[in-house]
2 protein chains.
Amino acid sequence: MKPPEKAFLDYLASRNLKMTPQRRLILETFIKADGHISSEELYNKVKAKDPSVGQATVYRTLKLLSESDIAEAVDFGDGVARYELHYGQEHHDHLICERCGKNIEIVDPTIEKLQEDLAEKYGFELQRHKMYLFGVCDKCKKKSED
Amino acid sequence: MKPPEKAFLDYLASRNLKMTPQRRLILETFIKADGHISSEELYNKVKAKDPSVGQATVYRTLKLLSESDIAEAVDFGDGVARYELHYGQEHHDHLICERCGKNIEIVDPTIEKLQEDLAEKYGFELQRHKMYLFGVCDKCKKKSED
DNA sequence: CTCGATGCAAACGATTTGCAAAATT
DNA sequence: AATTTTGCAAATCGTTTGCATCGAG
């Protein structure tokens, strides 16, 4: 499978868009960050490498990366849009600690299958889903026992 | 089980807050709307009944309703905060048609159980979850066959 | 050379907040 | 009477857009 950089280049070419140093830097920084990064966080990291890059360019590039399915938006419901690397990654859901914010990526094939069945039962063709489990992690549970 | 109006009254009393005609009207309108209503939609309905009510009051009341678990925010990822009646309702998830926006409330006990197990496996104490299935409904599928 | 891309600042939409006046307990 | 609530408008937050300039192809 081609690397994300190449996939992005292809996407740009297919749309008659251009590769630029800014886009290269933003993608590279995004991949290295490899988490659930917000546009602003990404902007700060990028700015550290090249202070001349504008915030709008980060927003615009992140949009392109989403359109090309290289990035995907994840929404933890806290009002901030976050992105994660999607290209070449397996699907996963999220298990989030409401105390410390720890975030574990999870998959359960049985649940995935049941979701398909459930959608079908209602005549839907399932395209994607988002599942977030919110709870309290081990560490935070222990902490509260003090 | 006491009606939501009473539950709200109790919540207000417990916090030394006051019941007002505006809050009464907003809650009543919210309950009648009974769907996945945004603050602005609710504001418009309320305004139709009493044009003197301000938008900020609707936002503030919706916040109170959420805090008291009478309403719950649902997020379909389209950037608009929606609310649904939570008090006295059973938990459910959402099956959303990406074409027409149709929204079906669903529950699958098996999935619910598996979510519990999954959280436990990672040492989490599950508190709540959100599951959204996005797809294309029957009608829209047929429409696209034309 | 031609478009698309950039940085900036202004514009935006949803939500929140400060404030003085009004209403509830 | 004391304190909360209200409506209004201004402020805020994250994000988007218009524009003149810059740069990739």
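Every value quoted in this text rests on a predicted model; they were computed, and no experiment measured them. Just so it is clear: chains get the letters A, B, ... in the order the sequence lines come, proteins before strands, and each one is counted from 1.
B:Q89 is linked by a side-chain hydrogen bond (donor to acceptor under 3.5 Å, both in side chains) to nothing, counting only residues two or more places apart in sequence or in another chain. For the side chain to side chain contact (heavy atoms under 4.5 Å, CB included) test, residues two or more places apart in sequence or in another chain that qualify with B:K2 are B:K6, B:A7, B:D10, B:Y87. With sequence neighbours excluded, no residue forms a side-chain hydrogen bond (donor to acceptor under 3.5 Å, both in side chains) with B:R99. Legend: residues meeting side-chain hydrogen bond (donor to acceptor under 3.5 Å, both in side chains) with A:Y11, ordered by chain and number and at least two apart, are A:R15, A:E67. With sequence neighbours excluded, no residue forms a side-chain hydrogen bond (donor to acceptor under 3.5 Å, both in side chains) with B:S66.
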Please tabulate, for the side chains in residues 17-24 of chain B, all donor-acceptor contacts under 3.5 angstrom to protein atoms that are two or more places apart in sequence or on a different chain.
unit_1	atom_1	unit_2	atom_2	d
B:T20	OG1	B:R23	N	3.1
B:R23	NH1	B:K18	O	2.8

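For residues 47-66 of chain A, there are no salt bridge (Lys or Arg N to Asp or Glu O under 4.0 Å) pairs, not counting sequence neighbours. Residue pairs meeting the salt bridge (Lys or Arg N to Asp or Glu O under 4.0 Å) criterion with at least one partner in residues 105-119 of chain B, sequence neighbours excluded, are B:K113-B:D117.
Proximity of residues 42-62 of chain B to DNA chain C (heavy atom under 4.0 angstrom from any strand atom) is restricted to B:A56, B:Y59, B:R60. At a non-hydrogen distance threshold of 4.0 Å, A:N16, A:L17, A:K18, A:T20, A:Q22, A:R23 from residues 14-23 of chain A come into contact with DNA chain C.
Note that the two end axes of the helix from C:dC1-D:dG25 to C:dT25-D:dA1 enclose an angle of 30°, each drawn from 5 base pairs, rounded to 10 degrees.
Rounded to an integer number of Å, the gap from CZ of A:R24 to P of C:dA5 is 14 Å. If you measure from atom NZ of A:K63 to atom C1' of C:dT6, you get 16 Å, rounded to the nearest angstrom. Atom CG in B:L25 sits about 16 Å away from atom P in C:dA23, given to the nearest Å. Straight-line distance from the CZ atom of B:R82 to the C1' atom of C:dT15: 15 Å, rounded to whole Å.
Using cut-offs of 30° and 60° on the angle between ring planes, the pair B:H94 and B:Y132 is parallel.
Enclosure of atom NZ in A:K130 by more than 12 non-hydrogen atoms of other residues, nucleotides or ligands within 6.0 angstrom is indicated.
Here the rule is side chain to side chain donor-acceptor pair (under 3.5 Å) with B:H91, and of B:E72, B:H129, B:R128 only B:H129 fits it.
Looking only at side-chain heavy atoms (C-beta outward), A:L133 and B:Q127 stay at 4.5 Å or farther from each other.
A:D69 and A:H86 make their closest contact through O-CD2, 3.3 Å (heavy atoms, listed as atom of the first residue, atom of the second, distance).
Nucleotides of DNA chain D with any atom under 4.0 Å from a heavy atom of chain B span, from 5' to 3', D:dT3 to D:dC8.
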